[in-house]
Amino acid sequence: MSVPYEPVNVPALNLRAQYQTIRDEIEPVVRQVLETQGFVMGPEVSSLEAEISEYVGAAHSVGCASGTDALLLPLMAIDLAPGEEVVTTPYTFFATGGSIWRTGARPVFVDIEPDTYNIDPAKIEAAITPRTRAIIPVHLYGQTADMAPIREIADRHGLMVLEDAAQAIGAAYHGARAGTLGTAAAFSFYPSKNLGGFGDGGMVSTDDPVLAHRMARLRVHGMEPKYHHHEVGLNSRLDALQAAVLRVKLRHLDDWTTARREVADRYRSLFASHGLDELVKLPVERPGNFHVYNQFVVRVPGSIRDEFREFLVGRRIGTEIYYPIPLHLQVCFASLGYKLGDFPNSEAAARETIALPIYPELSEEEQRYVVGSMRKFLHEHAYASLSTDHRAA
Ligand SMILES: *Cc1c(COP(=O)(O)O)cnc(C)c1O
């Protein structure tokens, strides 16, 4: 046997690898924006809005400054107010809860399904009150939430469904893309997302022309026409440079998604061939779902997770913990009155999950090194405690 291949390092995310493949397409469009010196909104942004609408299959898209604002704008556009409530999951990036809070309304949390990490539709009904205005399902890690029952509940109670699709551009649910599964959908162009810009950016998609118009006005201080302010909005515009970059990247998105799904498949077969698929819980892709693997998140016993992560650091393998503290336990939300134990599935996920390196350019050798390293740790350092933990669980 030859010496096993050991890459210099395998970062959790490698944006430079992707940039190298598209540098020649990016540089001219950036130069063109520099020549025009038109930096905020403008034709690049309008073109990107049209292209995203076409890509997701929605009638309208409104570009804005971040994924966070893409959640905030639709909530402002339904005049969400203090005293009202929005149902969402506590196991998500902070922005989901933060955007609700910013309107003065109250986030009401509902636990997740333990296998997909998405909001559990069976638990939503009990969280609805006469003050509920909307539900925000998060398509976590690139897989859509179980939208049919969510829509049914929302329709019955007259609620808006706002998809948090920040991690899920291109994902689909029974053939329909994220962005068409609710009243409106928020996308993020943060660099680590599947369609990432060279800075912050976001977009809201919707089929509702009235909502789209209101959001387009809210993103420019409620202004229409110039210097006439109908309401107090945000300064949340999208930059031309970001739009120009994103338009180039959008042309590659489907190929990158295919590559991400191949990386995920290879992880599955490597885990199986090393006999680790019993010890390490792999992502579950539900029938009918098209997962776009913004993250490949596995689960190990909480008692060894941090040691495991340190071991991988020693082997120059980057990982990430999404998300170590669920929203109901965040200090800033203490006044909501939640406590440890309220959402056991979210709390367990926060203790046990670890995101492995995934990006379209990740090579098979690198994946072999990652899984081989995991095997080394699990067998040599923690096998005994692991197998008992798992049997007890
Ligand atoms: C990234 C993300 C956001 C916010 O996007 P920003 O562009 O960083 O503001 C919201 N929700 C989820 C689930 C995200 O992953």
Side-chain angles (χ1 to χ4, degrees), residues 12-13 15 45 48 52 61-76 86-103 107 109-110 112-113 116-119 134-145 147 150 161-171 178-179 181-182 184-205 215 219 234-239 242-243 245-246 249 260 283 291-297 320-328 330 333 346 349-350 353 355 358-359:
L13 175 69
L15 294 173
V45 171
L48 179 68
I52 292 285
S61 295
V62 177
C64 60
S66 68
T68 302
D69 284 356
L71 289 163
L72 183 57
L73 284 166
L75 296 177
M76 291 174 75
V86 177
V87 171
T88 192
T89 153
Y91 186 63
T92 177
F93 178 60
F94 179 77
T96 319
S99 59
I100 299 166
W101 182 274
R102 281 274 301 269
T103 65
F109 298 119
V110 165
I112 54 168
E113 303 171 327
T116 64
Y117 308 112
N118 283 329
I119 193 166
I135 304 173
I136 308 184
V138 180
H139 304 323
L140 203 68
Y141 304 144
Q143 171 163 238
T144 54
M147 294 302 289
I150 295 171
V161 176
L162 172 56
E163 299 172 73
D164 184 338
Q167 302 181 6
I169 191 161
L181 305 172
F187 294 99
S188 166
F189 303 131
Y190 184 75
S192 69
K193 306 298 161 93
N194 286 20
L195 180 63
F198 291 177
D200 278 310
M203 196 161 289
V204 200
S205 294
M215 294 190 295
R219 77 177 154 180
L234 307 173
N235 169 9
S236 184
R237 301 168 300 211
L238 185 60
D239 288 340
Q242 298 304 342
V245 166
L246 290 163
K249 286 193 161 199
R260 283 178 181 276
H291 196 320
V292 296
Y293 292 99
N294 178 244
Q295 300 297 336
F296 191 89
V297 172
E320 197 45 78
I321 306 296
Y322 301 110
Y323 296 92
I325 306 172
L327 299 194
H328 68 289
Q330 295 289 349
F333 291 148
S346 299
T353 55
I358 189 163
Y359 37 90

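When a residue number appears, it is its place in the shown sequence, counting from 1. None of the values given here were measured: they were computed from a predicted structure. Both counts, for ligands and for their atoms, begin at 1 and track the order of listing.
- Where the criterion is an N or O separation shorter than 3.5 Å, residue side chain and backbone included, Asp200 fails it with respect to ligand 1.
- Against a heavy-atom cut-off of under 4.0 Å, Ala95 is close to the following atoms of ligand 1: 4 (C), 10 (C).
- Closest to atom 9 (O) of ligand 1 among all protein heavy atoms lies Thr68 OG1, 2.5 Å.
- For Arg219, the salt bridge (charged side-chain N to carboxylate O under 4.0 Å, His left out) partners at least two apart in sequence or on another chain are Glu49.
- Using modelled atom types and a 3.5 Å distance limit, the side chains of His139 and Glu163 yield a donor-acceptor pair.
- Looking at Val138 against ligand 1, only its side chain comes within 4.0 Å, counting heavy atoms.
- At a threshold of 4.5 Å between non-hydrogen side-chain atoms, the residues Phe198 and Pro191 do not count as touching.
- Without hydrogens or angle criteria, Lys249 side chain to Gly197 main chain gives no donor-acceptor distance under 3.5 Å.
- Ring pair Tyr91/Tyr141 is perpendicular by interplanar angle, where above 60° counts as perpendicular and below 30° as parallel.
- In terms of polar-atom proximity, defined here as any N/O pair under 3.5 Å, Leu71 makes no such contact with ligand 1.
- If you number the atoms of ligand 1 from 1 as listed, the ones under 4.0 Å from a heavy atom of Gly67 come out as 4 (C), 5 (O), 6 (P), 7 (O), 9 (O).
- Of the protein's non-hydrogen atoms, Gln167 NE2, 2.8 Å is the one closest to atom 15 (O) of ligand 1.
- Against a heavy-atom cut-off of under 4.0 Å, Thr92 is close to the following atoms of ligand 1: 13 (C).
- If you check which protein heavy atom lies closest to atom 11 (N) of ligand 1, you get Asp164 OD2, 2.8 Å.
- The nearest heavy-atom contact from the protein to atom 2 (C) of ligand 1 is Lys193 NZ, 2.6 Å.
- No heavy atom of His139 sits closer than 4.0 Å to any atom of ligand 1.
- Thr96 and Thr88 share no donor-acceptor pair across their side chains, judged by distance under 3.5 Å alone.
- Asp239 meets the side-chain contact (heavy atoms from CB on, under 4.5 Å) test with Val40, Gln242; sequence neighbours excluded.
- A ring-centre distance under 6.0 Å is not found for Tyr293 and Tyr359.
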